[in-house]
Amino acid sequence: MKRLANIAVLVSGGGTNLQALIDAEKSGVLKSGKIVLVISNNPDAYALKRAEKAGIKSEVVTKKDCGSREGAEKKMISILEENRIDLIILAGFMSILSGSFTKKFDRRIINVHPSLIPSFCGEGFYGLKVHEAALKKGVKVTGATVHFVNEIPDGGEIIMQKAVEIEEGDTPEVLQERVMRNAEWIILPMSAEKVSAQIIEKEQK
Ligand code: GAR
């Protein structure tokens, strides 16, 4: 029998994308990987409650407790290695990882971003700010992107994208909900499955 890829999900907030991954594992959409760990850089993240409810081990790693981003990344690396993590999923993780961290896990980190990259992405574009920028520009179509993470913020190879229509009268909050429901919660689990399957397949060659 094939082994499953060990997945760690990095979060900072509500964790609806984490929930989509948990649900996908239950429904069988995510079948080549198993979520074994959740790491939050925010001790108050609701995502931690979702992990607890699903019986998934979690850790909190903050820059404040570790003294610096470097210290926090060092701690995360030791936790990720201890848990033999094959794939790291950034699901609303609101911190930019250093080049040395992303190099260490080359093609082993994926991120979901709430726009069609290369629009509205890079440093400073996160969460609601992305939807505010899309509405301000007046684009008629937006969406979400899942991509590999490298040293350039939102600059790694694109894995999947899904478009979402902007509607008359949209607020950033309304648009965020539609992009999550109609794009992020669908393409993040599908991408997690795709990359997990690739990792396991490669190992068996
Ligand atoms: C999601 O919309 C995610 O795409 C976005 O933050 C939200 C987190 O929601 N991430 C970024 O903007 C990263 N650049 P969640 O905690 O409910 O999954």
Side-chain angles (χ1 to χ4, degrees), residues 7-25 29-30 35 37-54 56 58-62 69 87-98 101-102 109-137 139 141-164 166 170-192 195:
I7 298 174
V9 184
L10 272 52
V11 297
S12 301
T16 63
N17 279 290
L18 167 65
Q19 191 63 53
L21 289 163
I22 293 170
D23 295 346
E25 204 184 307
V29 169
L30 173 55
I35 306 163
L37 177 69
V38 168
I39 301 180
S40 176
N41 62 356
N42 167 15
D44 301 320
Y46 185 70
L48 289 167
K49 296 234 160 55
R50 296 182 190 272
E52 193 187 341
K53 258 189 216 159
I56 301 165
S58 65
E59 301 268 0
V60 175
V61 180
T62 67
R69 176 173 81 170
L87 173 63
I88 301 165
I89 302 181
L90 310 186
F93 185 65
M94 301 302 183
S95 175
I96 292 177
L97 296 165
S98 72
F101 187 98
T102 59
I109 314 175
I110 68 172
N111 176 49
V112 62
H113 182 77
S115 75
L116 294 174
I117 290 175
S119 288
F120 313 115
C121 64
E123 236 172 307
F125 286 100
Y126 57 87
L128 268 184
K129 286 182 193 286
V130 179
H131 304 293
E132 280 162 9
L135 290 175
K136 193 165 171 207
K137 184 68 192 175
V139 292
V141 175
T142 184
T145 303
V146 178
H147 61 92
F148 283 109
V149 174
N150 64 9
E151 71 286 358
I152 303 158
D154 299 323
E157 187 187 314
I158 291 171
I159 302 166
M160 279 185 201
Q161 289 189 303
K162 195 164 187 293
V164 174
I166 289 179
D170 270 352
T171 62
E173 290 79 7
V174 167
L175 182 57
Q176 180 181 52
E177 225 279 322
R178 188 180 313 117
V179 169
M180 283 176 158
R181 185 175 303 283
N182 295 348
E184 296 184 48
W185 301 341
I186 300 166
I187 62 170
L188 183 61
M190 284 173 69
S191 303
V195 178

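Counting starts at 1 for both ligands and their atoms, following the listed order. We use all heavy atoms of the structure for the numbers below, so side chains are in, but hydrogens, waters and symmetry mates are not.
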Colleague: Any salt bridge linking Glu132 with Lys136? Criterion: basic side-chain nitrogen under 4.0 Å from a carboxylate oxygen.
Modeller: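 No, no charged N to carboxylate O under 4.0 Å.
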
Colleague: Work out whether the distance between some heavy atom of Lys129 and some atom of ligand 1 is less than 4.0 Å.
Modeller: no

Colleague: Against ligand 1, does Ala47 come closer than 4.0 Å with any heavy atom?
Modeller: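 Outside the 4.0 Å threshold, so no.
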
Colleague: Please write down residue, atom name and distance for the protein heavy atom closest to atom 8 (C) of ligand 1.
Modeller: Gly92 CA, 3.6 Å

Colleague: Would you mind checking which non-hydrogen protein atom is closest to atom 12 (O) of ligand 1, with the distance to 0.1 Å?
Modeller: Gly127 N, 2.8 Å

Colleague: With no hydrogens and no angle check, just 3.5 Å: does a side-chain donor-acceptor pair link Asn42 and Ser12?
Modeller: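 Judged by distance alone, the side chains do not pair up.
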
Colleague: List the closest protein heavy-atom neighbour of atom 13 (C) of ligand 1: residue, atom name, distance to the nearest 0.1 Å.
Modeller: Val112 O, 4.1 Å

Colleague: Tell me if a side-chain donor or acceptor on Ser115 pairs with a main-chain N or O of Phe120 at a distance below 3.5 Å.
Modeller: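 Yes, Ser115 side chain to Phe120 backbone: donor-acceptor pair under 3.5 Å.
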
Colleague: Regarding Thr145 and Gln161, do their side chains bring together a donor and an acceptor under 3.5 Å, going by distance alone?
Modeller: yes

Colleague: Which protein non-hydrogen atom lies closest to atom 14 (N) of ligand 1, naming both residue and atom, and how far is it?
Modeller: His113 ND1, 3.4 Å

Colleague: Considering heavy atoms of the protein only, find what lies nearest to atom 3 (C) of ligand 1 and give residue, atom and distance to 0.1 Å.
Modeller: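 Among all protein heavy atoms, the one nearest atom 3 (C) of ligand 1 is Glu184 OE1, 3.3 Å.
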
Colleague: Write down the atom of Thr62, the atom of Pro43, and the distance for their closest heavy-atom approach.
Modeller: CG2-CD, 4.0 Å

Colleague: Just to confirm my output: which protein heavy-atom neighbour is closest to atom 9 (O) of ligand 1, and how far is it?
Modeller: Met180 CE, 3.3 Å

Colleague: Would you call Phe125 a ligand 1 contact, heavy-atom distance under 4.0 Å?
Modeller: yes

